[in-house]
2 protein chains.
Amino acid sequence: MTVDVVQRLREKGLRVTRQRKVIYSLLREIGGHHSVDEILGLLVERREDIHRQSVYNVVGDLQQVGLVMCADAGPGRALYEASDHWHHHFVCRVCQIVLDVPCIEGRKPCLEPPENVASVIDEAQVIFRGVCHGCAGAKVTDTPAASISTADC
Amino acid sequence: MTVDVVQRLREKGLRVTRQRKVIYSLLREIGGHHSVDEILGLLVERREDIHRQSVYNVVGDLQQVGLVMCADAGPGRALYEASDHWHHHFVCRVCQIVLDVPCIEGRKPCLEPPENVASVIDEAQVIFRGVCHGCAGAKVTDTPAASISTADC
DNA sequence: CGAGTATTTCGATACTGTCCAAACCCCTTC
DNA sequence: GAAGGGGTTTGGACAGTATCGAAATACTCG
């Protein structure tokens, strides 16, 4: 918990500040994927006076330390989450919700880790896209969602 | 080529406008991944007078039609490219360059979709991260890139 | 060719992320 | 426990990205 973040920061030579502890425990508590401004809003609700820039700094630092990961969910604002284990993400084309997809250990992606492309490849994150259960159920009429089909981003 | 875009737009009930033809053939010609503002810059160079908002509109439309795809390369601005075949991307942690990674399957759901997560999953795009050849050669000192490690799938 | 409407244009605006200097406070040392 | 040093936070300003609404334009069909 809090012991974890303190220890981890010390290990990496980063100082243990109120802001870092608060933001990490917040992300841990609420779970899910959140943008910097969402985090800022939640902090304001809880009477935590933390500057915008600090949120950017802190999530960046926590990411370096390995306590937070940035969810790949397509272009746009960055989404952060407290990272327990490596996993992938599903993004609904209709409501944009982001869901975790467990990473099946040992099962490599459909393509062999590409040769020649780069010197070091240490991460492979998958983005699945489609329509979530909620939107699939709700959609009865011919919403634009029906015509999205293939070839969308 | 141009016949293609005209036909494709008509099929989907979209009008064939100068802007749509110009932007598509531009993307087709130059290849690679480009942001809206990069596209806009290239259009200006070529004396093509097209409004910013129109570029947003057009790439969105072409994407719906399947002539353009949005490259998943992490958060930030969206990168568009003329879509020939389905593929994935490698992003360099140092210089942020985006490189294509061929997909062996070549078609959309190239990874077996996870169960229970959603109703429809029609796309799985992979983002590989690491250090490209250029940056790996240039880097002699202990850059932060060296401490990234773990978190592989 | 003319009417109707999709599309483009224009200006304004919200959002996201970054930069810099000054104030602050965490950690180490004594 | 006090003091110093330097990593962090803060505050304000700023560039870049993307969206909105209304008016003008131009593509398509009859």
Side-chain angles (χ1 to χ4, degrees), chain A residues 2 5-24 26 33-44 47-65 67-68 70-80 96 98 144 147 153, chain B residues 2 5-24 26 33-44 47-65 67-68 70-80 96 98 144:
Chain A
T2 308
V5 60
V6 170
Q7 185 180 342
R8 198 63 153 278
L9 286 170
R10 289 240 163 83
E11 281 173 14
K12 300 285 182 175
L14 295 181
R15 293 190 177 171
V16 180
T17 66
R18 176 185 130 254
Q19 291 84 349
R20 285 173 175 161
K21 287 188 289 186
V22 167
I23 291 176
Y24 175 68
L26 173 67
H33 318 78
H34 305 278
S35 70
V36 166
D37 281 326
E38 280 175 4
I39 295 172
L40 199 55
L42 291 169
L43 289 173
V44 170
R47 309 283 192 280
E48 294 285 353
D49 190 28
I50 297 182
H51 193 269
R52 227 164 86 83
Q53 176 78 52
S54 293
V55 180
Y56 279 101
N57 292 342
V58 168
V59 292
D61 297 337
L62 293 177
Q63 196 180 348
Q64 265 199 335
V65 167
L67 290 168
V68 160
C70 179
D72 273 320
R77 59 195 189 173
L79 299 178
Y80 298 93
Q96 308 301 322
V98 178
S147 65
C153 174
Chain B
T2 309
V5 60
V6 170
Q7 186 181 341
R8 196 64 153 279
L9 286 170
R10 288 243 163 81
E11 281 174 12
K12 301 285 182 174
L14 295 180
R15 291 187 178 174
V16 180
T17 66
R18 176 185 131 257
Q19 292 84 347
R20 284 173 177 161
K21 287 188 290 186
V22 166
I23 290 177
Y24 176 68
L26 173 67
H33 319 81
H34 306 277
S35 69
V36 166
D37 281 324
E38 280 174 5
I39 295 172
L40 198 57
L42 291 168
L43 291 172
V44 171
R47 308 284 192 279
E48 293 286 354
D49 191 29
I50 298 182
H51 194 271
R52 236 169 101 79
Q53 175 78 52
S54 293
V55 181
Y56 279 101
N57 292 341
V58 168
V59 292
D61 297 336
L62 292 177
Q63 195 181 342
Q64 265 199 336
V65 167
L67 290 170
V68 160
C70 179
D72 273 320
R77 58 193 191 176
L79 299 177
Y80 299 92
Q96 309 299 322
V98 178

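Throughout, a chain's letter reflects where its sequence line sits, starting with A, and its residues are numbered from 1.
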Within-4.5 Å side-chain heavy-atom neighbours: A:Leu9 and A:Lys21
no
pair A:Val6-A:Arg10: side-chain heavy atoms closer than 4.5 Å
yes
To the nearest 10°, let me know how far the axis at one end of the helix from C:dC1-D:dG30 to C:dC30-D:dG1 is tilted from the axis at the other, five pairs an end.
40°
Quick one: which protein N/O atoms are closer than 3.5 Å to N/O atoms of nucleotides 5-8 of chain C? Pair and distance per line, please.
| from | atom 1 | to | atom 2 | distance (Å) |
| --- | --- | --- | --- | --- |
| C:dT5 | O2 | B:Arg15 | NH1 | 3.2 |
| C:dT5 | O2 | B:Arg15 | NH2 | 3.3 |
| C:dA6 | O4' | B:Arg15 | NH2 | 3.4 |
| C:dA6 | N3 | B:Arg15 | NH1 | 3.3 |
| C:dT7 | OP1 | B:Arg15 | N | 3.3 |
| C:dT7 | OP1 | B:Arg20 | NH1 | 3.0 |
| C:dT7 | OP1 | B:Arg20 | NH2 | 3.2 |
| C:dT7 | O5' | B:Arg20 | NH2 | 3.4 |
| C:dT8 | OP1 | B:Thr17 | OG1 | 2.9 |
| C:dT8 | O3' | B:Gln19 | NE2 | 2.8 |

Of the non-hydrogen atoms in A:Gly74 and B:Asp72, which two are nearest, and what is the gap between them?
CA-OD1, 3.2 Å
Taking atom CD1 of A:Ile50 and atom CD of A:Glu48, what is their separation to the nearest 0.5 Å?
5.5 Å
Below 3.5 Å is the cut-off: list the nitrogen or oxygen pairs between protein and nucleotides 16-20 of chain D, distance only.
| from | atom 1 | to | atom 2 | distance (Å) |
| --- | --- | --- | --- | --- |
| D:dT17 | OP1 | B:Arg77 | NH1 | 2.5 |
| D:dT17 | OP2 | B:Asp37 | OD2 | 2.4 |
| D:dA18 | OP1 | B:Ala78 | N | 2.9 |
| D:dA18 | OP2 | B:Tyr56 | OH | 3.1 |
| D:dA18 | N7 | B:Arg52 | NH2 | 3.1 |
| D:dC20 | N4 | B:Gln53 | OE1 | 2.3 |

Whole angstrom value for the distance that separates P of D:dT9 from NZ of A:Lys21:
12 Å
Write out all pairs satisfying salt bridge (Lys or Arg N to Asp or Glu O under 4.0 Å) with one or both partners inside residues 55-65 of chain A, taking only residues at least two apart or from two chains.
A:Arg20-A:Asp61
Rounded off to whole Å, could you give me the CD-to-C1' distance for the A:Glu38 and C:dT16 pair?
13 Å
Which atom of B:Ala73 lies closest to which atom of B:Val98, heavy atoms considered
CB-CG2, 3.9 Å
Taking only residues two or more places apart in sequence, or in another chain, which ones meet B:Gln53 in a side chain to side chain donor-acceptor pair (under 3.5 Å)?
B:Asn57
Nearest heavy-atom contact between B:Leu79 and B:Ser35 is CD2-N, 3.7 Å
Provide, to the nearest angstrom, the distance between the CD atom belonging to A:Gln64 and the P atom belonging to D:dG7.
14 Å
Side-chain heavy atoms of B:Val58 within contact of B:Tyr24, under 4.5 Å:
no
Distance, rounded to the nearest Å, where A:Leu9 contributes CG and D:dG7 contributes P
16 Å
Using the side chain to side chain donor-acceptor pair (under 3.5 Å) criterion, which residues pair with A:Arg52? Sequence neighbours excluded.
A:Asp37
